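Presented below is the structure to which this report refers.
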Amino acid sequence: MLTPVKFHGIIKLPSIAEYSHHWHWLYYAFPAAVLTTCLVVLATVSLPGRVPPLMLLPAVTSRTEHRGGGIIISNYSCNIFKGKWVPDTDAPPRYTNETCPVLHGHYDCMKYGKPDLGFIRWRWRPEECELPRFDASRFLGAMRGKSVAFIGDSLARNQMQSLVCLLARAERPVPWANGSYIYRYERHGFSVHDFWSPFLVSAVETDPDGAGLGGRSGAGLWSLYLDEPDPGWAAHAGGFDYLVISAGSWFHRPSVFYERGRLVGCNGCLAPDVADLSLRHSLRLAFRSALRAAVGAPGCRSRTVVVRTISPSHYENGTWDGDGDCVRTRPFRRSDAWEMDAVQKEMYRIQVEEFAAAETAARAKGVRMMLMDATEAMALRPDAHPGKYRLWQPEKFKVSRDCVHWCLPGAMDACNDMLLHMLIG
Ligand SMILES: *[C@@H]1O[C@H](CO)[C@@H](O)[C@H](O)[C@H]1NC(C)=O
Ligand SMILES: *[C@@H]1O[C@H](CO)[C@@H](O)[C@H](O)[C@H]1NC(C)=O
Ligand SMILES: *[C@@H]1O[C@H](CO)[C@@H](O)[C@H](O)[C@H]1NC(C)=O
Ligand SMILES: *[C@@H]1O[C@H](CO)[C@@H](O)[C@H](O)[C@H]1NC(C)=O
């Protein structure tokens, strides 16, 4: 089980052996007391004088104007999630494994020889405005005394790493260079945490070989407790100012569902007496439970809960566990008739619906909820996955072509451009 044991303000994670099937990290310190962050937040409120308002420029304004530092104050609002990727030819990589040694080999496509580095030379351009590039100093300045937790699967972690690398330009986090589940920006009193919780709710791999209860061979079978938010993160959620929640891909795995301790159905378990409710059921209920926990956690009253919608994978010419690959070298355009598959579309819709339901409840509790509707932007980037150009550890991760995660630097950085805009824009 991944539930950390808490003692004297430090959370000890399970042993390396238990954890090494995803990453190799051990400890993370927890901000001494959950309440400290909230008190600091209340005391510093919003730092109005120091934080320049976001430069949201009308479409016609040129980038050089905005690069020149001229602050254009505007109440022009725009949907940053609707747009297209445009060439950004002269932009240097936002970071490299030299400037950000915490960059994990899974995402370090440059190191592992991705032949066409064109994937870093695009920027997300909303239809009605510019989305400024991430400004690390500005973000850290606005986040003084605060903390953010990324909760979810390896794509949540992918975004967490992007943020850590982007911020490293302004301040080196501690720990540095060795990888961690928590990064502290001590000069700014800001910290970034990561909670591994790919189903968001309590989950146990009951049958790793998938041999029993009809699980597909080799795929493993999970027991999901759909009404029990994973205490690994939920017990700490109240201590954070910002929670960024994203999950989805693990729901494809064969699993059996429990509610109030009773077996209610499954996804792909192939057991004759268990109703196959598909991942539509588990995804919906897991999000419902997780968002309820994120909103209802006692603690910080000024909490913001961000839900990032699914990031689609891009296997073509085959399946993820077969010959599928992602070899395109440029983003899709609207005119390319590419669409997400029906399951991905439905997963997206479920997340948006559960977000909307939770938001109504959150408002009454004074918790702010924000939807990072990044699915379309990410769906347009078949060129930006590692494919075979990444650290490959077949003993841990059998898939030979990774068309799920995102190379760093790369498309995922745009999600943090969005995050900055959403949180302090
Ligand atoms: C800002 O809002 C004010 C009042 O709502 C409006 O008169 C003004 O035109 C707006 N400015 C811009 C740039 O949208
Ligand atoms: C960083 O990436 C370069 C290629 O871009 C590679 O040659 C180098 O070994 C990498 N450094 C580390 C520390 O991984
Ligand atoms: C990583 O760095 C931190 C802080 O410097 C240190 O406490 C920790 O033991 C290091 N972990 C590993 C695996 O080296
Ligand atoms: C799919 O396979 C065809 C034929 O081998 C190849 O020409 C094409 O580039 C492949 N497309 C992608 C996206 O992998």
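Sequence positions, counted from 1, serve as the residue numbers for this chain. Counting convention: from 1, in listed order, for ligands and their atoms alike. What's counted below: heavy atoms across the whole structure, side chains too, no hydrogens, waters or symmetry copies. What you see is a predicted model; the values in this text were computed from it and never measured.
If you check which protein heavy atom lies closest to atom 9 (O) of ligand 2, you get Lys111 CE, 4.3 Å. For atom 11 (N) of ligand 2, the closest non-hydrogen atom on the protein side is Asn97 ND2, 3.0 Å.
No hydrogens or angles considered: nothing links the side chains of Asp108 and Tyr389 as a donor-acceptor pair under 3.5 Å.
A cation-pi arrangement is absent between Arg123 and Trp85, since the terminal nitrogen or guanidinium carbon is not both under 6.0 Å from the aromatic centre and inside a 45° cone about the axis.
For atom 7 (O) of ligand 2, the nearest protein heavy atom lies 4.0 Å or farther away. For atom 13 (C) of ligand 2, the nearest protein heavy atom lies 4.0 Å away or farther.
Taking the six-membered ring wherever Trp is involved, the centroid distance between the rings of Phe199 and Trp222 falls below 6.0 Å. The ring of Tyr225 has its center no closer than 6.0 angstrom to the ring center of Phe257. Separation of the Phe150 and Phe195 ring centroids does not fall under the 6.0 Å cut-off.
Considering backbone and side-chain N/O atoms, Asp108 never comes within less than 3.5 Å of an N/O atom of ligand 2.
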